[in-house]
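Reading through the structure tokens given below for one structure.
As the structure lists them, so they are numbered: ligands from 1, and atoms in each ligand from 1. Basis for what follows: all heavy atoms, side chains included, without hydrogens, waters or symmetry-related copies.
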Amino acid sequence: MNTLHEDAAENHYLGQFIPLHYHHNMLTDKNRMDNFKAAIDLTVFEGAKVLELGGGTGVLSCFAAAKASKVWCVEFNPDLVAESRRFLALNPDGHKVEVIHADAFEYLPPEPVDVVICEMIHVAMLREKQIEVIEGFKTRYRQRFGDQLPVFIPTAVIMAVQPLQQNYNFSGFYAPIIQFQRAHIEHPGVIELAAPQVYSVLDFTQPTSQEITWQGTFTLEQDGTVNALRFVTKNILAVDSAQSSTIDWLIDYLVLPLPRPVTLKSNEKLHVSFHHKTGGSIRSLEKSLQASLNISE
Ligand SMILES: C[S@@+](CC[C@H](N)C(=O)[O-])C[C@H]1O[C@@H](n2cnc3c(N)ncnc32)[C@H](O)[C@@H]1O
């Protein structure tokens with residue numbers, strides 16, 4: 001259980017407190033933006049009714065409004081409510097978006113919708129409340145409108161973990177420190193000691209658990225010291241059935257140092273376990289990490 005101090009510190013970083021200047025970073029993240037735009041273009045049909053939970057600047061609602069007849073855009077942070085209304089008024093389809101100052105944990109649209117967009121996503125599904133918001137929404141929506149659920153963007157999340165030998169030497173200063181690594185680029189100082197293994201698939205069309213618990217075994221592909229675990233989170237934003245493909249958004253990786261590095265030879269086995277709650281703190285995952293030589297296999 002978190003201490004009061006840890007809870008307060010963590011709450012400061014929760015989705016509803018993302019400050020405005022950080023939204024600029026999100027708008028300039030082409031990997032995020034281009035894939036969401038493509039998924040929205042594919043999923044939202046002419047005349048569709050769309051709901052966005054956690055609208056921020058209103059950008060994804062605005063993309064949806066290119067084809068939708070109506071978009072309800074729910075935002076909790078009053079600064080973002082004001083800013084999104086200002087931005088939407090500057091965009092041609094913005095008039096189709098109604099920004100609603102409400103809590104996504106409670107809101108239901110006035111009529112059934114075809115598509116729900118929700119981007120309250122943090123790597124490893126920590127900190128932000130995507131899973132809890134979507135699960136609560138599905139329950140309330142069914143009670144009000146019946147069993148037929150809208151299509152969700154994203155539709156699923158796949159999470160994997162990979163053992164690394166990570167360089168923690170900074171100009172002679174040794175600091176095994178948490179870090180985020182950009183996806184899709186080379187990382188000097190990183191040796192991937194085994195391929196990533198999928199530890200969780202969350203499909204938003206099905207009930208999803210908020211408990212993530214995993215244990216598994218990696219066979220090392222070369223000699224090395226496993227001193228960190230890399231957490232990989234790929235969002236399946238939309239399924240393109242015509243092309244038999246998906247539109248994905250691979251978020252920056254989270255790399256957590258291990259409390260006790262394990263030195264292994266090639267083909268030796270590493271046993272790894274961890275657990276956390278979705279929406280929980282990074283610290284809660286970090287504290288649960290265990291990695292050791294597996295001598296039983
Ligand atoms: C990661 S940002 C995404 C913003 C925007 N959808 C985008 O893609 O650029 C998540 C947004 O959800 C909002 N949010 C977090 N919790 C919320 C809640 N309970 N109700 C409504 N909005 C919430 C945050 O204020 C933030 O603007």
Side-chain angles (χ1 to χ4, degrees), residues 10-41 43-44 50-66 68 71-88 90-91 93-94 96-109 113 115-141 152-155 157 180 204 210 233 235 237-238 247-252 254 278-282:
E10 191 60 33
N11 280 339
H12 179 71
Y13 292 105
L14 287 181
Q16 53 264 54
F17 297 106
I18 293 173
L20 190 58
H21 57 261
Y22 190 73
H23 283 264
H24 175 262
N25 297 352
M26 291 192 277
L27 291 173
T28 53
D29 181 348
K30 272 187 74 61
N31 175 31
R32 189 185 87 98
M33 296 287 282
D34 291 355
N35 288 310
F36 264 103
K37 191 162 199 253
I40 289 167
D41 285 349
T43 310
V44 176
V50 177
L51 170 66
E52 184 180 8
L53 299 171
T57 56
V59 56
L60 303 184
S61 287
C62 199
F63 291 160
V71 183
W72 291 274
C73 173
V74 176
E75 174 56 51
F76 189 69
N77 180 333
D79 294 344
L80 267 311
V81 170
E83 287 295 84
S84 59
R85 286 181 180 150
R86 184 168 75 84
F87 299 145
L88 286 161
L90 301 171
N91 284 271
D93 296 309
K96 291 195 252 172
V97 182
E98 183 182 340
V99 178
I100 295 142
H101 186 195
D103 187 345
F105 276 102
E106 292 169 4
Y107 183 78
L108 267 183
V113 292
V115 180
V116 172
I117 304 167
C118 185
E119 197 280 78
M120 297 187 197
I121 301 173
H122 185 275
V123 59
M125 302 315 273
L126 295 164
R127 291 166 58 173
E128 293 193 58
K129 305 297 183 194
Q130 177 92 357
I131 306 299
E132 295 78 352
V133 164
I134 298 282
E135 279 308 304
F137 172 81
K138 289 194 295 194
T139 304
R140 295 194 309 282
Y141 190 89
F152 289 94
I153 301 176
T155 186
V157 178
F180 296 94
F204 292 119
Q210 287 154 29
T233 306
N235 296 282
L237 299 183
I247 298 172
D248 305 332
W249 172 39
L250 183 62
I251 319 181
D252 289 353
L254 169 66
T278 59
S281 65
I282 294 177

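- Residue-level proximity to ligand 1 for His23 is carried by the side chain, the only part with a heavy atom below 4.0 angstrom.
- For Cys118, the closest heavy-atom approach to ligand 1 does not fall below 4.0 Å.
- Ring planes of Phe152 and Phe204: tilted class, angle from 30 to 60°.
- By the 3.5 Å distance cut-off applied to N or O atoms, Glu128 is not counted among the residues near ligand 1.
- A side-chain N or O of Asn35 and one of Asn31 form a donor-acceptor pair less than 3.5 Å apart.
- Among His122, Gln210, Gln130, Glu128, the single residue meeting the side-chain contact (heavy atoms from CB on, under 4.5 Å) criterion with Thr278 is Gln210.
- Checked by distance only, ligand 1 and Arg32 come closer than 3.5 Å through their nitrogen or oxygen atoms.
- Partners of Trp72 according to the ring-ring contact (aromatic ring centres under 6.0 Å, His included) rule, which considers only residues two or more places apart in sequence or in another chain, do not exist here.
- Residue contacts with ligand 1: Gly54 is placed with a nitrogen or oxygen under 3.5 Å of a nitrogen or oxygen of the ligand (distance criterion only).
- Residue-ligand proximity, Phe105 to ligand 1, at heavy-atom distances under 4.0 Å covers atoms 19 (N).
- Using a 4.5 Å cut-off on side-chain heavy atoms (C-beta onward), Glu52 and Cys118 make no contact.
- With sequence neighbours left out, the salt bridge (Lys or Arg N to Asp or Glu O under 4.0 Å) criterion links Arg32 to Glu119.
- Put simply, the side chain of Thr155 never gets that close to the backbone of Ala238: no donor and acceptor are under 3.5 Å apart.
- Taking every non-hydrogen atom of Ala102 and a distance limit under 4.0 Å, the qualifying atoms of ligand 1 come out as 20 (N), 21 (C).
- Considering backbone and side-chain atoms alike, Leu60 places every N or O at 3.5 Å or more from each N or O of ligand 1.
- Looking at Ser84, its side chain does come within 3.5 Å of a backbone N or O of Val81 through a donor-acceptor pair.
- At least one N/O-N/O distance between Ala104 and ligand 1 falls below 3.5 Å.
- Residue contact check: Met26 has heavy atoms under 4.0 Å from atoms 1 (C), 2 (S) of ligand 1.
- Looking at Asp103 next to ligand 1, an N or O pair under 3.5 Å apart turns up.
- In summary, the atoms of ligand 1 found under 4.0 Å from a heavy atom of Gly56, numbered by their order in the structure, are 4 (C), 27 (O).
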